[in-house]
Amino acid sequence: QRYETIDALFDNLVSGDLCLIGPGSYNEGGLVIPTGLSNITIIGAGSRGSVQIASATVGAEGLQVLANDVTLINVGIEVEDTADYALNIKGNATGKFGKRFRAYDCKFEGPTGTVVLLNGDANYQCSDALFEDCEFCWGGSGIVFDDSSYGYPTQIRIRRCLFHNLTVAGLGEATGGGVADLWVEDCYFNDNEDGTAPTDYVKVDRAGDTGMITGCRFSIATNASADLKSAAGIMWVANATEAGWT
């Protein structure tokens, strides 16, 4: 089946669908992959960066994922500065959805607040998410972990990703937010193009946060904890700055 817009495609999704999006820039926002679905794969056709969902509508979010087992491959999502997020993976109690999200070779850009949000609702949390070989840029915080009454995002893996041109943090937490069982490996945290650094490269410092950050590189001249903030439950193993390995 062929659809002229991504919104129309998402309106007609059924569990098990594998969808191809043709190369181009799509001026669409407020997209949702709803609850009740599972095993959805969205692939951007063409070379890397060929598919860009880029909404020019003021305040329009990019994509909210409420389903289980959703995979994005080679898809870029960009929003303008006043949107709440480019991507929101949200756990929700209706059928316990929001699990096992995967993103490969994707790029997430803007807004000035949160680029990618992982959160939940009153009775369920986002869990078992993977970002691999993705880019987070041109916004406030690259990935933000929020809370819900049920719990914090858990079993979150971030591997071989690039964070750059972020004013607040590469990894951060919303007020009252946190993360459990976080695994960050072989990622690069760069400064802004004008040479300024984010407020924090990493800020995952809730007392109950757990996980590991290992093999990452940071564009910072020291190993100062003022810029690399992690809780006691986050194992900090063999990460590099200009000052050496820490």
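Throughout, numbering of the chain's residues begins at 1 and tracks the sequence.
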Please find the pair of heavy atoms, one from [X] and one from [Y], that lie closest to each other, and give the distance.
X      : Y      : answer
Ala103 : Cys134 : O-SG, 3.4 Å
Ser230 : Trp236 : OG-CE3, 3.9 Å
Gln52  : Ile77  : OE1-N, 4.1 Å
Cys106 : Val75  : CB-O, 3.1 Å
Val144 : Ala174 : CG1-N, 3.5 Å
Ala60  : Ala83  : O-CB, 3.3 Å

Side-chain donor-acceptor pairs under 3.5 Å in residues 206-218, sequence neighbours left out?
{"residue": "Arg206", "atom": "NE", "partner": "Asp209", "partner atom": "OD1", "Å": "2.9"}
{"residue": "Arg206", "atom": "NH2", "partner": "Gly208", "partner atom": "O", "Å": "3.2"}
{"residue": "Arg206", "atom": "NH2", "partner": "Asp209", "partner atom": "OD1", "Å": "3.3"}
{"residue": "Asp209", "atom": "OD1", "partner": "Val179", "partner atom": "N", "Å": "2.9"}
{"residue": "Asp209", "atom": "OD2", "partner": "Asp205", "partner atom": "N", "Å": "3.4"}
{"residue": "Asp209", "atom": "OD2", "partner": "Arg206", "partner atom": "N", "Å": "3.0"}
{"residue": "Thr210", "atom": "OG1", "partner": "Asp181", "partner atom": "N", "Å": "2.9"}
{"residue": "Thr214", "atom": "OG1", "partner": "Val237", "partner atom": "O", "Å": "2.9"}
{"residue": "Arg217", "atom": "NH1", "partner": "Gly215", "partner atom": "O", "Å": "2.8"}

Full working for side-chain contact (heavy atoms from CB on, under 4.5 Å) between Phe108 and Ile143: CA-CA 10 Å; Phe108 306 102; Ile143 299 178; over 6 Å; no
Shared hydrophobic cluster for [X] and [Y] (ILVMFWY, side-chain gaps under 4.5 Å):
X      : Y      : answer
Val116 : Leu171 : yes
Ile73  : Ile40  : no
Ile220 : Ile234 : yes
Tyr85  : Ile89  : no
Tyr104 : Val65  : no

The residue among Thr154, Asn119, Asp146 that forms side-chain contact (heavy atoms from CB on, under 4.5 Å) with Gln125 is Thr154
Qualifying residue, where the test is side-chain contact (heavy atoms from CB on, under 4.5 Å) with Phe101 and the options are Leu87, Asn68, Ile33, Leu118: Leu87
So, the side chain of [X] versus the backbone of [Y]: is there a donor-acceptor pair under 3.5 Å, distance only?
X      : Y      : result
Thr71  : Thr41  : no
Thr5   : Ala8   : yes
Glu80  : Pro111 : no
Thr112 : Asp81  : yes
Asn88  : Gln64  : no
Asn192 : Leu166 : yes

Would you indicate whether the side-chain heavy atoms of [Y] and [X] approach each other to under 4.5 Å?
X      : Y      : answer
Phe163 : Ile158 : yes
Asp133 : Arg48  : yes
Glu132 : Arg157 : no

For the atom pair [atom1] ([X]) and [atom2] ([Y]), what is the distance rounded to the nearest 0.5 Å?
X      : Y      : atom1 : atom2 : result
Leu31  : Phe10  : CG    : CZ    : 5.5 Å
Lys107 : Ile53  : NZ    : CD1   : 14.5 Å
Lys203 : Lys229 : NZ    : NZ    : 5.5 Å
Arg100 : Asn39  : CZ    : CG    : 10.0 Å
Ile6   : Leu63  : CD1   : CG    : 9.0 Å
Arg159 : Asp186 : CZ    : CG    : 10.5 Å

Hydrophobic cluster of Tyr188, others only, ordered by chain and residue number, side-chain cut-off 4.5 Å: Leu162
Enumerate the residue pairs fulfilling side-chain hydrogen bond (donor to acceptor under 3.5 Å, both in side chains) with a member in residues 8-29, sequence neighbours excluded, ordered by first and then second residue. none
Yes or no on side-chain contact (heavy atoms from CB on, under 4.5 Å) for Val51 and Ile43, after CA distance, side-chain angles and deciding distance? CA-CA 9 Å; Val51 173; Ile43 301 175; over 6 Å; no
Glu193 and Trp138: CA distance, side-chain angles, deciding distance, side-chain contact (heavy atoms from CB on, under 4.5 Å) verdict: CA-CA 10 Å; Glu193 285 188 352; Trp138 300 109; 3.7 Å; yes
Is there a side-chain contact (heavy atoms from CB on, under 4.5 Å) between Leu13 and Cys19? Walk through the geometry before answering. CA-CA 9 Å; Leu13 286 173; Cys19 309; 3.6 Å; yes
Pair Arg102 + Asp69: basic N to acidic O under 4.0 Å: no
Qualifying residue, where the test is side chain to side chain donor-acceptor pair (under 3.5 Å) with Ser219 and the options are Asn190, Thr241, Asp191: Asn190
